[in-house]
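What follows is a single structure, written as structure tokens, with notes after it.
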Amino acid sequence: MKKFNSVPEAFEWWIKNIYPSLSPDIKKGKPVVAWRDYTYNQGISEKRMREILIEFGNFKIETTIIYEP
């Protein structure tokens with residue numbers, strides 16, 4: 001198990017570690033568009049990062065917000 005502090009951090013790890021091992025058939029769709037948008041700084045929302053991580057990376061995403069006065 002690997003934990004990340006943010007969705008962009010997890011997505012960057014996914015780009016470097018999971019994306020290269022995806023089959024060519026899978027890379028033809030949403031993952032390659034997300035990879036291109038991220039790699040070439042064309043803009044990718046955190047929402048789309050989450051969708052890619054869940055669909056193509058077997059990630060479970062939980063949000064924790066803590067306020068301590």
Side-chain angles (χ1 to χ4, degrees):
M1 177 170 41
K2 186 161 182 60
K3 291 188 177 188
F4 302 94
N5 294 318
S6 68
V7 171
E9 179 186 344
F11 192 77
E12 183 171 339
W13 183 87
W14 179 84
I15 289 284
K16 293 176 181 175
N17 296 282
I18 303 295
Y19 178 79
S21 65
L22 294 177
S23 73
D25 289 343
I26 293 174
K27 286 184 182 180
K28 291 180 183 176
K30 292 193 290 186
V32 73
V33 175
W35 172 84
R36 185 177 51 234
D37 290 348
Y38 182 82
T39 302
Y40 296 108
N41 296 317
Q42 295 177 342
I44 181 169
S45 69
E46 189 170 308
K47 179 182 176 185
R48 190 157 56 119
M49 287 181 190
R50 286 173 180 259
E51 291 171 357
I52 295 294
L53 291 173
I54 292 167
E55 188 173 345
F56 300 100
N58 199 30
F59 280 76
K60 178 181 177 185
I61 300 174
E62 298 174 347
T63 303
T64 302
I65 301 171
I66 300 171
Y67 170 74
E68 295 180 357

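For reference, positions follow the sequence shown, starting with 1.
Across Pro8 and Met49, no two heavy atoms sit closer than the pair CA-SD, 3.8 Å.
For Lys27 (side chain) and Ser21 (main-chain N/O), no donor-acceptor pair under 3.5 Å exists by modelled atom type.
Classified by interplanar angle (parallel below 30°, tilted 30° to 60°, perpendicular above 60°), the ring pair Phe59/Trp13 is perpendicular.
How far OG of Ser45 is from CD of Glu51: 7.0 Å, rounded to the nearest 0.5 Å. Phe56 CZ to Tyr19 OH: the interatomic distance, rounded to the nearest 0.5 Å, is 10.5 Å. Distance CD1/Ile44 to CZ/Arg36: 11.0 Å, rounded to 0.5 Å. A distance of 7.5 Å separates NZ in Lys2 from CD in Glu9, rounded to the nearest 0.5 Å. The line from CD1 of Ile52 to CD1 of Ile15 is 8.5 Å long, rounded to the nearest 0.5 Å.
For the pair Trp14/Leu22, a side-chain contact is recorded, criterion being any heavy-atom separation below 4.5 Å from C-beta on. The side-chain heavy atoms of Tyr38 and Glu12, taken from C-beta on, include a pair separated by under 4.5 Å.
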